[in-house]
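Note sheet for the following structure.
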Amino acid sequence: MAPAVKEYYEMLGVNKNASQDEIKKAYRKLARKYHPDLNPGDKTTEHKFKEINEAYSVLGDEKKRADYDQFGKSPFEAGGPWFEGARPDFGETSDFGGFGDVFSDIFGADRRHGQFARKGPDMFMAIELSLEDAFTGVTRPVAITRETPCRICNGTGAESYQTCDRCKGSGKLQTSKGFFRMSQTCTSCGGSGRKITKTCKACNGRGKTLQTDTIKAKIPAGVDIGSIVKLKGMGGVGEAGGPPGDLRIEVTVRPHLVFTRKENDIYVDLPITFGEAALGAKIEVPTIDGSAVMTIPAGTQGGQKFKLSGKGFPSPKIAGRGNQYVIAKIVVPKDITNRSKDAIKEIEALYKENPRKWILR
């Protein structure tokens, strides 16, 4: 008994109520998985790739999809009104028979000579900042060692080369199966369309060389521990003419002797005397961008918190700054004279409230 023929929705793994975006997303995922260039010589994935392209050529077009929902596959079979163009022509490698936008999304670049132009690898490094540098932002020189296109052969890996005699420079070989014309990467030249006759000595035919450069890394104001600063195009070299990767810099911030940061807020412990706490005072307070004068009200308790609005860190994402919180720390003198002791005892005699009454029930 012949196996049941799969329906187009089933081929893409979506239900009949799926949106066009969901259909496209499902197709992109499957195309990446089953594309022949990514599975050379695998007949099973080649067949699966044909199926999902057949399904997407119909479901990806709203009018064809409407006819399919109403009449089934018959309009798209040989002799049907949608037969011409219903099957993608895989021989057209420049645009994949109208699938070029999807494949650009999948592989991140164009297809050239049967090869996909791929973005180069991202590179990672760490940079340590002071809290002040994280607050203001800073531009730092950093040295990076990365692969770049060989300057001698312009990234070709060849000192000289000739057109591939098997694919005639196209980088592809075409085969036909029934209604389908399949295009496969030329195994003789690897899809480049040409054969190296003399390897570049500078890069040993790799088309890449290691190079160390010093670049200026601009760190924006307000970065925090774990922030990632991306420098576009400063990573490894791309493949087959693809763009270079990016350099990603992870930020670490050294602990500060005075300030503690929590998100965009700053906290500082402020030592005050017993007299300042009891009677109140105006006190100069350090902030991340200078000093400020704040009023300590009479009767301030140890551990009491005060807010200086807008004296915290700027946010790299939104306008405005966080706040600074000042924590009062009452300092008791260690060396007390007899006269001071008498004065303190006199104050204690006038102090009628029991500060521990709430725990002595």
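Predicted, not measured: the structure shown is a model, and the values here were computed from it.
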Output, in order, the C-alpha distance, side-chain angles, deciding distance and verdict of side chain to side chain contact (heavy atoms under 4.5 Å, CB included) for I288 and R261. CA-CA 10 Å; I288 192 69; R261 179 181 180 181; over 6 Å; no
One pair to check against side chain to side chain contact (heavy atoms under 4.5 Å, CB included): I127 and E250. What are the steps and the verdict? CA-CA 6 Å; I127 189 170; E250 182 175 0; over 6 Å; no
Given N53 and Y27, is the side chain to side chain contact (heavy atoms under 4.5 Å, CB included) satisfied, shown in steps? CA-CA 8 Å; N53 275 284; Y27 171 72; 2.5 Å; yes
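Annotation: ring-ring contact (aromatic ring centres under 6.0 Å, His included) contacts of H256 (sequence neighbours excluded): F259. Contacts of Y267 classified as ring-ring contact (aromatic ring centres under 6.0 Å, His included), with partners at least two apart in sequence or in another chain: Y325.
Contact check for D289 versus R321: side-chain heavy atoms found under the 4.5 Å cut-off. When side chains are defined from C-beta on, D246 counts as touching K119, because their heavy atoms get closer than 4.5 Å. Annotation: side chain of L59 is not in contact with side chain of M11 (no heavy-atom distance under 4.5 Å). Counting heavy atoms from C-beta on, the side chains of L12 and Y8 never come closer than 4.5 Å. Inter-residue side-chain proximity for R28 and K24 is flagged as met; some heavy-atom pair is nearer than 4.5 Å. Proximity of L247 to I215: side-chain heavy atoms (C-beta onward) are separated by under 4.5 Å at one or more points. Under the 4.5 Å side-chain criterion, counting only non-hydrogen atoms from C-beta, D224 is not in contact with V251. Side-chain contact check for Y9 versus R65: some heavy-atom pair is nearer than 4.5 Å.
In the hydrophobic cluster analysis, where Ile, Leu, Val, Met, Phe, Trp and Tyr join through side-chain heavy atoms closer than 4.5 angstrom, F274 is grouped apart from V326. Grouping the Ile, Leu, Val, Met, Phe, Trp and Tyr side chains by contacts below 4.5 angstrom, directly or via other members, places L279 apart from I283. Using a 4.5 Å cut-off between side-chain heavy atoms of Ile, Leu, Val, Met, Phe, Trp and Tyr, with links allowed through other members, V223 and M125 fall into the same hydrophobic cluster. Two different hydrophobic clusters hold V237 and M234 under the rule that ILVMFWY side chains link at heavy-atom gaps under 4.5 Å. Taking hydrophobic clusters as Ile, Leu, Val, Met, Phe, Trp and Tyr residues chained together by side-chain heavy-atom distances below 4.5 Å, V229 shares a cluster with I225.
Closest approach of T287 and A292 over heavy atoms only: CG2-CB, 4.1 Å. Nearest heavy atom pair, residue K172 against residue C167, reads O-CB, 3.4 Å. Nearest heavy atoms, I336 versus S340: CG2-CB, 3.3 Å. For the pair G235 and P244, the tightest heavy-atom approach, listed with the atom from each and the gap, is O-CB, 4.2 Å. Between K168 and T163, the shortest heavy-atom contact is C-CG2, 3.7 Å. Between I272 and A328, the shortest heavy-atom contact is CD1-CB, 4.0 Å.
One distance of note links CD of E128 with CG of D133; it measures 10.5 Å at 0.5 Å rounding. Annotation: the span from Q20 atom CD to K25 atom NZ amounts to 15.0 Å, rounded to 0.5 Å. The NZ atom of K48 lies 7.5 Å from the CD1 atom of I52; values are rounded to the nearest 0.5 Å. In this structure, CD1 on I228 lies 9.5 Å from CD1 on I249, to the nearest 0.5 angstrom. Atom CZ of residue R140 and atom CD1 of residue I219 lie 8.0 Å apart, to the nearest 0.5 angstrom. In this structure, the separation between CG on D122 and CG on L231 is 11.0 Å, given to the nearest 0.5 Å.
No hydrogens or angles considered: a donor-acceptor pair under 3.5 Å links the side chains of Q211 and T148.
Checked by atom type and distance alone, the side chain of D265 pairs as donor or acceptor with a backbone atom of N323 at under 3.5 Å.
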Donor-acceptor contacts under 3.5 Å from residues 295-314 side chains, at least two apart:
from : atom 1 : to   : atom 2 : distance (Å)
T300 : OG1    : P297 : O      : 2.6
Q301 : NE2    : G299 : O      : 2.9
Q304 : OE1    : Q301 : N      : 3.0

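Ion pairing of D213 with R146 is present here, as a side-chain N (NZ or NE/NH1/NH2) and a carboxylate O approach within less than 4.0 Å.
More than 12 non-hydrogen atoms from other residues, nucleotides or ligands lie less than 6.0 angstrom from CZ of R254. Within a 6.0 Å sphere centred on CD of E263, heavy atoms belonging to other residues, nucleotides or ligands number 12 at most.
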